[in-house]
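First comes the structure, then the notes that go with it.
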Amino acid sequence: MRLIDGRALAAQLRKNVADEVAARIARGRRPPALAVVLAGEDPASRLYVRNKVKACAETGIRSEEHRLPADIAQADLLDRIRALNADPAIDGILVQLPLPPQCDPARVIEAIDPGKDVDGFHPVNAGRLALGLPGLVPCTPAGCLRLIQTVHPDLAGAEALVIGRSTIVGRPMAALLLAESATVTIAHSRSRDLPSLVARADIVVAAVGRAELIRGHWLKPGATVIDVGINRIPGADGQARVVGDVAFAEAAEVAGAITPVPGGVGPMTIACLLLNTLAAAR
Ligand code: NAD
């Protein structure tokens, strides 16, 4: 069994980004610039934003944090996004979700210039991905594909199962695998007999949000397992423990390759955000 090391691959990608940023600056260009918009005080969102800003700084990408009050009117948030769209010094715009309840995330995301939409959530980018056209791709599934390709450089004809159909992970993941000519199945909360779908798959991507839902004995021996889930459960010592959507110890006995949680998909998400910011700047 091979442990797929997301931290190591993410570090390599970050180094590539840093090298390219340095080369741009050496050619007399300004560094790429990312605006991160955070409305409200959600502690998890603040932590995510802090990590993104720190990762930008480490690679030479300039970032701006736009902190807005939790009671901001949707119209004011839309005005801020329009101003960032029009700002030639900004290449990428990221609106940290979830938004306060008075702001409709679909309206807000649609207001972002698709060329600056480094999360890849704008309908234009989602549509381009669905059509197999180039565009900005959501960071988490983009990172998962890179992890899969460390094991399967050629995915043509591979049986891939994506569990979860969210717009930020499951759907774009399925589109990316299809673009690589895998045979793709999407399972979701209404699917029947998940174990038999898992048993057929050469590649399983789990993006559900349920602790250890996928059991080791469901897997086809030798399968590649990508675990997107981040679930906090009480540990034996009473402290919270983070586990994935896959029962790791069991799955590691059967899988050919598997991502750990943490240290698998998570670090790749931020690395792909940096890649998208660089792509938007280009
Ligand atoms: P979501 O809640 O939007 O979607 C979950 C999906 O799972 C839904 O499509 C639902 O149909 C499906 N589902 C629910 N129960 C199921 C079942 N019993 N069998 C099959 N499918 C079922 O979640 P999301 O935003 O896609 O995130 C999924 C998980 O990935 C969460 O744990 C989240 O924290 C994690 N996540 C991690 C990263 C990262 O960077 N590592 C990024 C995004 C999300």
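Residue numbers start at 1 and run along the sequence shown. In each ligand, atom 1 is the first atom listed, and ligand 1 is the first ligand listed.
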Quick one: which ligand 1 atoms are inside 4.0 Å of a heavy atom on [X]?
X      : result
Ile168 : 25 (O)
Gly266 : 40 (O), 41 (N)
Gly209 : 28 (C), 29 (C), 31 (C), 32 (O)
Gly164 : 6 (C), 7 (O), 9 (O), 12 (C)
Ile163 : 20 (C), 21 (N)
Val265 : 41 (N)
Val228 : 30 (O), 35 (C), 36 (N), 37 (C), 38 (C), 41 (N)
Thr269 : 39 (C), 40 (O)

Report, as yes or no, whether the 6.0 Å neighbourhood of atom CZ on Arg210 holds more than 12 heavy atoms from other residues, nucleotides or ligands. no
Is it true that [X] and [Y] make a salt bridge, defined as a side-chain N closer than 4.0 Å to a carboxylate O?
X      : Y     : value
Arg282 : Glu20 : yes
Arg46  : Asp42 : no
Asp91  : Arg62 : no

Indicate yes or no for a side-chain donor-acceptor contact from [X] to the backbone of [Y] under 3.5 Å, with no hydrogens or angles considered.
X      : Y      : value
Arg215 : Glu212 : yes
Arg67  : Leu38  : no
Lys116 : Asn85  : yes
Ser166 : Val169 : yes
Lys52  : Val36  : no

So which of Ile230, Ile186, Val208, Thr167 gets nearest to atom 41 (N) of ligand 1, if we judge by its closest heavy atom? Ile230
Shortest heavy-atom approach to atom 22 (C) of ligand 1 - which of Gly229, Ser189, Gly264, Pro267: Ser189
Considering only protein heavy atoms, which is closest to [atom], and at what distance to one decimal place?
atom                    : result
atom 26 (O) of ligand 1 : Ser166 OG, 2.5 Å
atom 21 (N) of ligand 1 : His188 C, 3.1 Å
atom 9 (O) of ligand 1  : Arg165 N, 2.8 Å
atom 42 (C) of ligand 1 : Thr140 OG1, 3.2 Å
atom 18 (N) of ligand 1 : Leu213 CD2, 4.0 Å
atom 15 (N) of ligand 1 : Arg210 NE, 3.5 Å
atom 44 (C) of ligand 1 : Val169 CG2, 4.0 Å

So, is Asp245 polar-close to ligand 1, with some N/O to N/O distance under 3.5 Å? no
With backbone taken as N, CA, C and O and side chain as the heavy atoms from C-beta onward, which portion of Met268 lies under 4.0 Å from ligand 1: side chain, backbone, both, or neither? neither
Ligand 1 contacted by Gly170 (non-hydrogen, < 4.0 Å): no
Nearest 0.5 Å, please: how far is CG in Asn51 from CG in Leu273? 11.5 Å
Under 3.5 Å side-chain donor-acceptor pair for Arg2 and Thr224: no
pair Phe121-Thr167: side-chain heavy atoms closer than 4.5 Å: no
